[in-house]
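Proteins get letters first, then strands, A, B, ... in listed order; numbering begins at 1 in each.
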Amino acid sequence: MSASVERVYALVRRIPAGKVMSYGQVAALCPPLTARRVGQLMARALGSDIPWWRVVGSDGTLRTHRRDPMLAELQKAYLQSEGVLFTKDGRVRMTPEQVVNPATFEVELP
DNA sequence: CCCCTGACCCTAG
DNA sequence: TCTAGGGCCAGGG
């Protein structure tokens with residue numbers, strides 16, 4: 001397992017409850033990984049101790065819906081239970097209060 | 001090796 | 001706001 005992949009997991013584990021990060025945001029902090037690859041990794045993280053539900057599309061949409069609409073429902077339930085606010089059309093409000101600020105987000109390398 | 005498929009994303013129109 | 005297209009790249013058939 002590559003160092004950047006380990007870094008993704010370490011990073012996602014540090015996203016606090018009540019906040020989210022986009023796939024691209026995570027990828028930007030874990031070069032040379034791309035947003036697409038981060039998505040693959042999150043899909044594989046189901047059932048682990050990694051809070052995959054705190055990673056969403058850059059526009060706040062729940063991309064898990066592509067794989068399984070029910071999974072998106074589960075994700076929404078988790079996020080709402082953590083206090084994350086949604087827009088009327090079912091997307092996460094991508095406000096600075098809810099989105100992790102990468103600049104202020106220090107991560108120790110695995 | 002070719003082809004296709006993703007929990008993506010940004011730009012144009 | 002929304003769609004289409006191109007870029008992206010690891011895995012699997």
Pairs: protein N or O with nucleotides 10-13 of chain B N or O, under 3.5 Å:
none

Considering only residues two or more places apart or on different chains, which pairs with a residue in residues 22-39 of chain A satisfy side chain to side chain donor-acceptor pair (under 3.5 Å)? A:Arg37-A:Gln40
Using whole Å, what does the distance between atom P of nucleotide B:dA7 and atom CD1 of A:Ile50 come to? 16 Å
Name the nucleic acid region contacted by A:Arg66, choosing base, sugar-phosphate or nothing; use a 4.0 angstrom heavy-atom cut-off, strictly under. sugar-phosphate
Side-chain heavy-atom pair A:Arg93, A:Phe86 within 4.5 angstrom cut-off: no
Evaluate A:Leu33 against A:Arg7 for side-chain contact (heavy atoms from CB on, under 4.5 Å), listing each step before the verdict. CA-CA 10 Å; A:Leu33 297 185; A:Arg7 188 178 164 80; over 6 Å; no
Could you check if a side-chain atom of A:Pro31 sits within less than 4.5 angstrom of a side-chain atom of A:Ser4, using non-hydrogen atoms only? no
Can you list every pair that meets side chain to side chain donor-acceptor pair (under 3.5 Å) and has a residue in residues 45-55 of chain A, with sequence neighbours left out? A:Arg13-A:Asp49, A:Trp53-A:Glu82, A:Arg54-A:Glu82
Determine the interatomic distance between C1' on B:dG6 and the same-named atom on C:dC8; round to the nearest Å. 12 Å
So, using salt bridge (charged side-chain N to carboxylate O under 4.0 Å, His left out) as the criterion, who are the partners of A:Asp59 when residues are at least two apart? A:Arg91
Expected output: side-chain A:Gln98 to main-chain A:Leu85 donor-acceptor under 3.5 Å: yes
For the residue pair A:Met42 and A:Val12, establish whether any side-chain heavy-atom pair is separated by less than 4.5 Å. yes
To the nearest 0.5 Å, atom CE of A:Met21 lies from atom CG of A:Asn101 at 10.5 Å
Among A:Ile15, A:Val99, A:Val100, find the residue that satisfies the side-chain contact (heavy atoms from CB on, under 4.5 Å) test when tested with A:Val20. A:Val99
A:Tyr23 OH to B:dC9 C1': how many Å, rounded? 12 Å
Atom CE of A:Met42 and atom P of B:dC9: how far apart are they, to the nearest Å? 12 Å
Nearest-angstrom distance from the residue atom CZ of A:Arg63 to C1' of B:dA7: 8 Å
Could you tell me how far apart A:Leu74 (CG) and B:dA7 (P) are, to the nearest whole angstrom? 16 Å
Atom-to-atom span, CG of A:Asp59 to P of C:dT3 - whole angstrom: 12 Å
Measure from CG on A:Asp68 to P on B:dG6 and round the result to the nearest Å. 13 Å
Where along residues 91-100 of chain A does a heavy atom come under 4.0 Å from DNA chain B, residue by residue in number order? none
Nearest-Å distance, CG (A:Leu62) to P (B:dC8)? 11 Å
Please tabulate, one pair per line, each protein N/O and nucleotide N/O from nucleotides 8-13 of chain C that are separated by under 3.5 Å, including the distance.
unit_1 : atom_1 : unit_2  : atom_2 : d
C:dG11 : OP1    : A:Arg37 : NH2    : 3.1

Report yes if some heavy atom in the side chain of A:Leu62 is under 4.5 Å from a heavy atom in the side chain of A:Leu79; otherwise report no. yes
